[in-house]
Asker: 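Take a look at this one; I'll ask things after.
Keep in mind that the numbers below use all heavy atoms, side chains included, and drop hydrogens, waters and symmetry copies. Letters A, B, ... mirror the listed sequences (proteins, then strands); counts begin at 1.
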Protein chains: 2
Amino acid sequence: MAPTIRDIARVAGVSVATASKGLNGKGRMRPETRERIVQTARDLGFRPNRNARSLTSGRTYTVGLLTRNGYGRFTPALLGGVEDALSADTCSLLLCDARRDAVRERHYIDALTARRVDGLIVTGRETDQAPRVGRDLPFPVVYAYTVSADPADTSVTVDDEHGGRLAVRQLTRYGCRRIAHLTGPPSYAAVRDRVAGARAALAEEGLDLPDSRVVYGPFSEEMGFTHVRRLLERDPEIDGIFCGNDQIARGAADGLAALGRRVPDDVALVGFDNWTLLAASTRPALASVDMNLYRLGRVVGETLLASIDGTVSPGVSRLPCSIAVRASCPASTGDDPVWASDAPLVPDA
Amino acid sequence: MAPTIRDIARVAGVSVATASKGLNGKGRMRPETRERIVQTARDLGFRPNRNARSLTSGRTYTVGLLTRNGYGRFTPALLGGVEDALSADTCSLLLCDARRDAVRERHYIDALTARRVDGLIVTGRETDQAPRVGRDLPFPVVYAYTVSADPADTSVTVDDEHGGRLAVRQLTRYGCRRIAHLTGPPSYAAVRDRVAGARAALAEEGLDLPDSRVVYGPFSEEMGFTHVRRLLERDPEIDGIFCGNDQIARGAADGLAALGRRVPDDVALVGFDNWTLLAASTRPALASVDMNLYRLGRVVGETLLASIDGTVSPGVSRLPCSIAVRASCPASTGDDPVWASDAPLVPDA
DNA sequence: TTGAAAGCGCTAACAG
DNA sequence: CTGTTAGCGCTTTCAA
């Protein structure tokens, strides 16, 4: 059995209360007494039972992380940020995966409640609004990446519109004038937001993105490969393509190569996600918008800690993206591309 | 404040002890009393405090998951399996990422000890032997994927040698006779084991894999792309390549295309990892060895539960791989490829 | 069938 | 400066 504070007290020849104070640096006592207590604890390998402590303190220093639909490619970076933010307050993370199942989700909420978590982070694979996780929960909740449908909740997500802007700006700075967009299903809020951002950035330059140059499809290489050909057949003047994610961009790069078009000289390419594994392996390497998920995680963690402290900040906040410049759309000279100062400490998969 | 069992007792008009028994279905009591207690608990939204309960029961129904070097591509599937296995015992997962830092690791071990976890799973990105996580820990530990250097510990990992065998068998069944191997750095145990498996399977057919046809390099597309060319220049008779992972295989596929060699007609290709996102997008789609990480996770979870129950099973156990057959090395007719019956419920990133 | 009391490991208010 | 006492929420003998 692990030693308890009573063992420490007995061996150190003091009362339990004194042992407690000694170990926690509270109260006043003779330095030698404290030293003796601490030393005894060390000798016996004493680890105070946090569960017991939380009984009186009311705080468990534990927060739940509920993912609604599995661990995706985005989860690791986010998780890293969350963990770093929480570790500032020595909070631990309790992991739950609801797997798109409302019953499972309810079950996990109950389990977390029974464990008296100090707070909860809810995450999901899409930025779309999702139903809130429950009502009148006995702890604060922060939605990460996914956004709660209830504006009274606190959500922190990515500014996809800004991402779209960045992508297009990179293309126009490189010199592209006739830009197309290959992207995912318009049912995704992220897809719609990126289109809006792209259009806004083009408008600033007096350019446009007509519907004829926007293609929606699955988020796959196949999609990029197939549609880049159709696009260029219909409109051979296209000189830049903003792709909705890196897989599409990779497919487009391969498709352009098959057509004999050079990247970026004939057609420049910008992807989205900055999924290094894919982006850096593409020939040429893909410039790509980075959602800064590590930072998102940090902000989410900090926001939750603030909520636990009672500082409430309801509503949706959207964090800006940055762009990783690579050969598929190099920086124009003398122009500083926006690039995250806080690069992820956690490399992506 | 959340209602306590005292509130239930008071409202239901019984003693705390009776309330406890009533809620837990223990002891004997008049059915109507029990019903009243349960109903009261429901009405007040009572959630028994598990931390308080664990004080007396000694079990926290919480296990730690310590990853030694970040969440990789392999983590999600493994995690899913672990979670499923543990949820059978309603255990929760406490997540920690040591980030290759011994101090961090020690810190997390202490934190988990203070939380009185019932057990610990240690995982890492490589199958290589790694130093054990600590000695005389007050809970059982199971190493997952990574293997503890101490044979007295319990480790569950992948049978890479078997994976190598499967890959080569797929190639020879398709008809390949002159096989080469493009793989990662030989410093990885996985790399060495796969080579050994490949050689063993070839020997069974009276074939061999001379050193001249084995190329070690980084686990990257670049590597596959570059070296497939060199390999075929030196030895144009090669008709099958076993690649150490899917990235290398993808690079090799692209390289072969650039050389004008058809896959699989001229050269068949088998990858490793069955990373669907990559393998299915390659043209042609990649046949690939699957490590069944979801199942590994399940077995790890079950092993840990067994250890907690006192059933000790020290040593290293290695789970077999399976192979996902795709166009780059199709199945020969009438031959049943080995394919996992327990496909991952958790799709990969 | 029910309840009083003790105790799990720890903290905190109050005396000594 | 140190110890006694009470109590956090729950379980578990043991009496009534």
Asker: Without decimals, in angstroms, what is the distance between I5(A) CD1 and dG3(D) P?
Answerer: 13 Å
Asker: State whether R59(B) and D89(B) are salt-bridged, where the test is any N-O pair (Lys NZ or Arg NE/NH1/NH2 against Asp/Glu carboxylate O) under 4.0 Å.
Answerer: yes
Asker: Hey, does the side chain of K26(B) come within less than 4.0 Å of dT11(D)'s phosphate (OP1/OP2), counting only N and O?
Answerer: no
Asker: T33(A) near the nucleic acid: base, sugar-phosphate alone, or nothing, with a heavy-atom cut-off under 4.0 Å?
Answerer: sugar-phosphate
Asker: Tell me the interatomic distance from L55(A), atom CG, to dC10(D), atom C1', rounded to whole angstroms.
Answerer: 8 Å
Asker: Examine the side chains of T18(B) and S15(B) and answer whether a donor and an acceptor come within less than 3.5 Å of each other.
Answerer: yes
Asker: Just how far, in rounded Å, is C1' of dT2(D) from CD of E32(A)?
Answerer: 13 Å
Asker: Please report the distance, rounded to the nearest Å, between NZ in K21(A) and P in dC10(C).
Answerer: 16 Å
Asker: When you measure from the side-chain N and O atoms of N49(B) to the phosphate of dC8(D), is any distance below 4.0 Å, counting only OP1 and OP2?
Answerer: no
Asker: So, does S20(A) get its side chain near the phosphate of dT11(C), meaning an N or O under 4.0 Å from OP1 or OP2?
Answerer: yes
Asker: Considering every strand and a 4.0 Å limit on heavy-atom distances, what is the contact class for N51(B): base, sugar-phosphate, or nothing?
Answerer: nothing
Asker: Is the shortest side-chain N/O distance from R30(A) to OP1 or OP2 of dT2(D) below 4.0 Å?
Answerer: yes
Asker: If we ignore hydrogens and angles and just use 3.5 Å, is the side chain of S20(A) paired with the main-chain N or O of V16(A) as donor and acceptor?
Answerer: no
Asker: Please work out if T4(B) contacts a base, only the sugar-phosphate, or nothing of the nucleic acid, heavy-atom cut-off 4.0 Å.
Answerer: sugar-phosphate
Asker: Looking only at side-chain N and O atoms, does R6(A) come under 4.0 Å of OP1 or OP2 in dC8(C)?
Answerer: yes
Asker: Looking across every strand, which nucleic acid part, if any, lies under 4.0 Å from R53(B) by heavy atom: base, sugar-phosphate, or nothing?
Answerer: sugar-phosphate
Asker: Going by heavy atoms in the side chains, are L319(B) and V158(B) under 4.5 Å from each other?
Answerer: no
Asker: Would you mind classifying the nucleic acid contact of V14(A) as base, sugar-phosphate or nothing, using non-hydrogen atoms under 4.0 angstrom?
Answerer: sugar-phosphate
Asker: May I have the distance from I37(B) (atom CD1) to dT1(C) (atom C1'), rounded to whole angstrom?
Answerer: 11 Å
Asker: Between P31(B) and T56(B), which is nearer to the 5' end of DNA chain C once each is assigned its nearest nucleotide?
Answerer: P31(B)
Asker: Nearest nucleotide by nearest heavy atom, which residue falls closer to the 5' end of DNA chain C, F46(A) or M29(B)?
Answerer: M29(B)
Asker: Could you give me the CA-CA distance, side-chain angles and deciding distance for D84(B) and R104(A), then say whether salt bridge (Lys or Arg N to Asp or Glu O under 4.0 Å) is met?
Answerer: CA-CA 12 Å; D84(B) 281 356; R104(A) 265 187 106 91; 3.5 Å; yes
Asker: Would you mind reading off the distance between R50(A) atom CZ and dG9(D) atom C1', rounded to a whole angstrom?
Answerer: 18 Å
Asker: Can you check the R28(B) CZ to dC14(D) C1' distance for me, whole Å?
Answerer: 16 Å
Asker: dG3(D) phosphate, OP1 or OP2: any side-chain N/O from S15(A) under 4.0 angstrom?
Answerer: yes
Asker: For the backbone of G315(B) and the side chain of T154(B), can you confirm whether one donor and one acceptor N or O come within less than 3.5 Å of each other?
Answerer: no
Asker: Please report the distance, rounded to the nearest Å, between CD1 in I8(B) and C1' in dG3(C).
Answerer: 18 Å
